[in-house]
Amino acid sequence: MGDWQELGQAVFIGLTFAFLVAKLISIVVSFRGDQLRITREDDLQGEADASRNGDSGVLEEDAGVSEEEKLLGEESDDDWEGIESTELDEEFSAATTFVAATAADRMAPKVSNDVQLQLYGLYKIATEGPCNAPQPSAMKVTARAKWNAWQKLGVMSPEEAMQKYIMIVTELYPNWADNSNTRNKDEDTAASVSSSSDKARMGPVFSSFVYEEELDNDLTLEAIHVSAREGKTQELLSYIENGVSVNLRDSEGRTPLHWAVDRGHFDSVETLIGKNADINAKDEEGQTPLHYAVVCGREAIAEFLVKHNADINIRDKDDNSPRSLCSSPWPFMHSTKVLQ
Amino acid sequence: MDSGSNTEAPNPNHDPSSPSESDAAPPPSETGIEAIARRVQESLSLSASARHRFWETQPVGQFRDLGDSSLPEGPIEAPTPLSEVRRDPYNLPAPYEWTTCDMDDDHTCTEEFLRWALRPPGHFKSWHIGVRVKVSKKLVAFITGVPARIRVRNEVIRMAEINFLCVHKKLRSKRLAPVMIKEVTRRVHLENIWQAAYTAGVVIPTPIATCRYWHRSLNPKKLIDVGFSRLGARMTMSRTIKLYKLPDSTVTPGFRKMELRDVPAVTRLLRDYLSQFTVAPEFDENDVEHWLLPVENVVDSYLVESPESHEITDFCSFYTLPSSILNNQNYSMLKAAYSYYNVSTKTPLLQLMNDALIVAKQNEYDVFNALDVMQNESFLKELKFGPGDGHLHYYLYNYRIRTELQPSHLGLVLL
């Protein structure tokens with residue numbers, strides 16, 4: 001970064017400033033990224049004020065604020081997030097890398113000293129904060145010019161400096177980001193870790209289970225069990241029509257009906273019962289589909305099974321019946337109890 | 001680091017120019033510091049080149065100092081005279097202004113949890129900082145701090161615990177976070193406090209410890225239905241529910257809810273227990289009364305009172321954070337318990353925590369979360385906690401610890 005050359009003519013300042021003012025007047029539609037943004041009239045006023053302060057870099061900035069503010073009014077509280085974003089830092093880093101590479105490349109088109117100094121000042125603000133270094137002697141022309149560029153930015157915030165820096169680089173080299181390896185890599189990575197960015201916050205972190213396929217489970221399922229588990233009623237029907245037994249067991253003795261009940265697929269349960277599935281089929285542990293319905297709290301399915309004569313008193317190998325396992329006050333379990 | 005995870009802890013002694021860098025060769029202009037930062041980021045699967053220019057300007061442990069044993073432990077910068085602390089708030093973008101959130105006002109703060117979290121003994125209202133839109137007065141960002149005494153090795157230091165940095169999504173491009181951090185820091189300095197502790201889900205310069213969340217299903221069916229946990233293709237719901245089933249009542253004789261009269265005994269128990277950890281809060285009776293005396297649906301504490309001697313021998317606690325569930329027709333809230341401080345002297349920790357799970361289940365919590373801090377690792381697997389995908393990194397501001405701590409050396413839980 002340090003390789004800036006001598007101070008250019010004052011005319012460049014005039015030209016740059018004139019350009020920015022011209023841009024200010026003409027901006028009604030401004031682009032940021034791929035997004036089209038309509039700028040309102042009062043924003044232009046804000047920009048004009050800003051530019052009178054010699055603070056020409058804030059044009060797009062202020063427009064953005066108002067736009068966001070307007071959107072805010074329409075948004076619900078669901079849009080709150082914790083943050084610790086580094087997108088700006090990353091983009092700024094990429095921009096400085098690009099500028100350094102461009103400055104080192106003799107073939108690259110040169111930018112004016114004035115713009116270079118402007119970038120220098122912004123860089124110093126972004127990385128070191130406001131200038132409080134002593135003023136270099138007037139004899140040291142380059143050092144003095146650089147100091148002036150830094151010092152005149154005053155107490156600008158590092159974030160603002162980064163944004164302005166990026167804006168200037170983007171104006172000079174609209175396609176800089178495409179040519180920057182760093183940036184492309186960042187984007188690839190960002191896409192692949194998007195889930196971690198949800199956790200980018202200070203304070204409470206939302207965590208949920210890491211998904212781990214159970215390793216010690218050597219259960220084998222047939223296709224009809226998978227269909228029952230997924231609630232794919234049409235597939236179930238076609239297996240049965242093609243001669244697969246409606247009571248086919250998986251390696252732990254479960255029928256398709258067990259699986260359909262376990263996952264709560266009412267339609268599939270209905271279909272299997274309609275195809276004369278064994279309603280009191282026992283798995284290896286002696287549990288029937290009604291045991292499953294009770295344990296899993298599937299009231300509608302349990303009621304349906306009871307109506308189709310599932311045995312509520314059938315014992316599994318631990319001597320538990322569906323009725324004894326049922327902690328919910330389901331009337332269809334109670335009324336039958338009375339009959340016993 | 002957490003043994004249950006595949007991610008590698010950043011090794012402070014790792015040579016930054018090691019060959020493993022070659023795959024992700026940095027641009028030529030990148031310095032060694034950035035290369036290390038990059039490695040730290042990559043090792044935790046975060047954005048590969050997230051560089052933290054803001055944090056590089058702050059008195060925090062820097063990535064480049066990792067493994068530098070010549071640096072002293074303790075404050076990084078000496079306190080400046082109070083008269084030199086900036087008097088005026090930092091500047092915000094023009095449409096916004098600073099505001100102080102009044103947590104005493106029921107209209108402003110209906111959230112019971114925040115009233116508990118933000119009003120401990122000696123709290124400063126000026127540390128409850130909001131940013132609002134000047135015109136509409138709508139709150140768009142906030143950050144908070146509360147005072148605490150935290151011991152690091154043998155030094156007890158007055159610190160701010162910084163928490164709840166939130167910025168409205170629409171303002172994330174405004175980079176409000178750094179200015180909010182600077183503003184809260186300024187206000188902390190004005191109280192003559194120069195250190196802070198905070199946690200984050202991301203890596204910034206530089207964690208003093210990295211912990212992992214573990215989760216214990218209490219209501220597995222609901223957790224599966226809302227997508228908090230997944231049901232394996234070869235696992236049945238029926239078996240999963242049986243796996244996580246808990247007894248209807250607690251098993252330890254004398255296990256009961258903490259009451260006001262227990263504050264002195266609990267304080268003694270806790271102070272004694274926490275003294276073994278490298279970093280831990282220094283609680284007095286006022287702190288215990290505030291942080292641990294049960295508040296319904298905010299914080300719960302249970303203890304074991306010996307039926308014979310009536311001595312308080314063991315203690316466990318958890319706080320409550322409900323989360324909203326979006327897009328589910330059956331459930332709108334997830335009620336989560338977070339393990340807080342637990343002390344076992346007579347009752348085995350495993351049994352104590354199993355009783356904590358039982359009371360949480362009785363009180364209709366859906367999940368019980370715990371970090372692998374303190375001695376928690378000793379019961380997590382046995383009590384059927386599963387590893388979570390969330391890491392929690394602990395940080396100290398303006399206080400250097402030379403080497404990263406094991407989670408089991410941390411005696412601190414920040415909300």
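Proteins come first, then strands; the chains are lettered A, B, ... in the order of their sequence lines, and each starts at number 1. Nothing here was measured: the structure is a model prediction, and the numbers come from that model.
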Exercise for review: To the nearest 0.5 Å, tell me how far B:Arg239 CZ sits from A:Tyr292 OH.
Suggested key: 6.5 Å
Practice item. Quick one: closest heavy-atom pair of B:Ala233 and A:Arg229, and the distance? Key: O-NH1, 2.7 Å
Check your understanding: What are the two closest heavy atoms between A:Arg298 and B:Lys221, and how far apart are they?
Key -> NH1-CE, 3.6 Å
Practice item. Examine whether an atom of B:Ser323 lies under 4.5 Å from a heavy atom of chain A, and if so say whether it belongs to the side chain, the backbone or both; otherwise answer neither. Key: side chain
Check your understanding: Considering only heavy atoms from C-beta outward, does the side chain of A:Leu219 approach that of B:Met235 to under 4.5 Å?
Key -> no
Point to revise | B:Arg234 (side chain) donor-acceptor with A:Thr220 (main chain) under 3.5 angstrom | key: no
Practice item. Check each atom of B:Leu414 against the heavy atoms of chain A and say whether the ones under 4.5 Å are side chain, backbone, both or neither. Key: neither
Check your understanding: What distance do B:Asn91 atom CG and A:Met156 atom CE have between them, rounded to the nearest 0.5 Å?
Key -> 12.0 Å
Point to revise | Heavy atoms from other residues, nucleotides or ligands near CG of B:Asn330 exceed 12 (cutoff 6.0 Å) | key: yes
Review point. Is there a donor-acceptor pair closer than 3.5 Å between any side-chain N or O of A:Asp262 and the backbone N or O of B:Thr236?
Key: no
Point to revise | Region of B:Lys182 in contact with chain A, defined by heavy-atom distances below 4.5 Å | key: side chain
**Study point:** B:Ser238 and its side-chain contact (heavy atoms from CB on, under 4.5 Å) partner, picked from A:Glu285, A:Gln287, A:His291
**Key:** A:Gln287
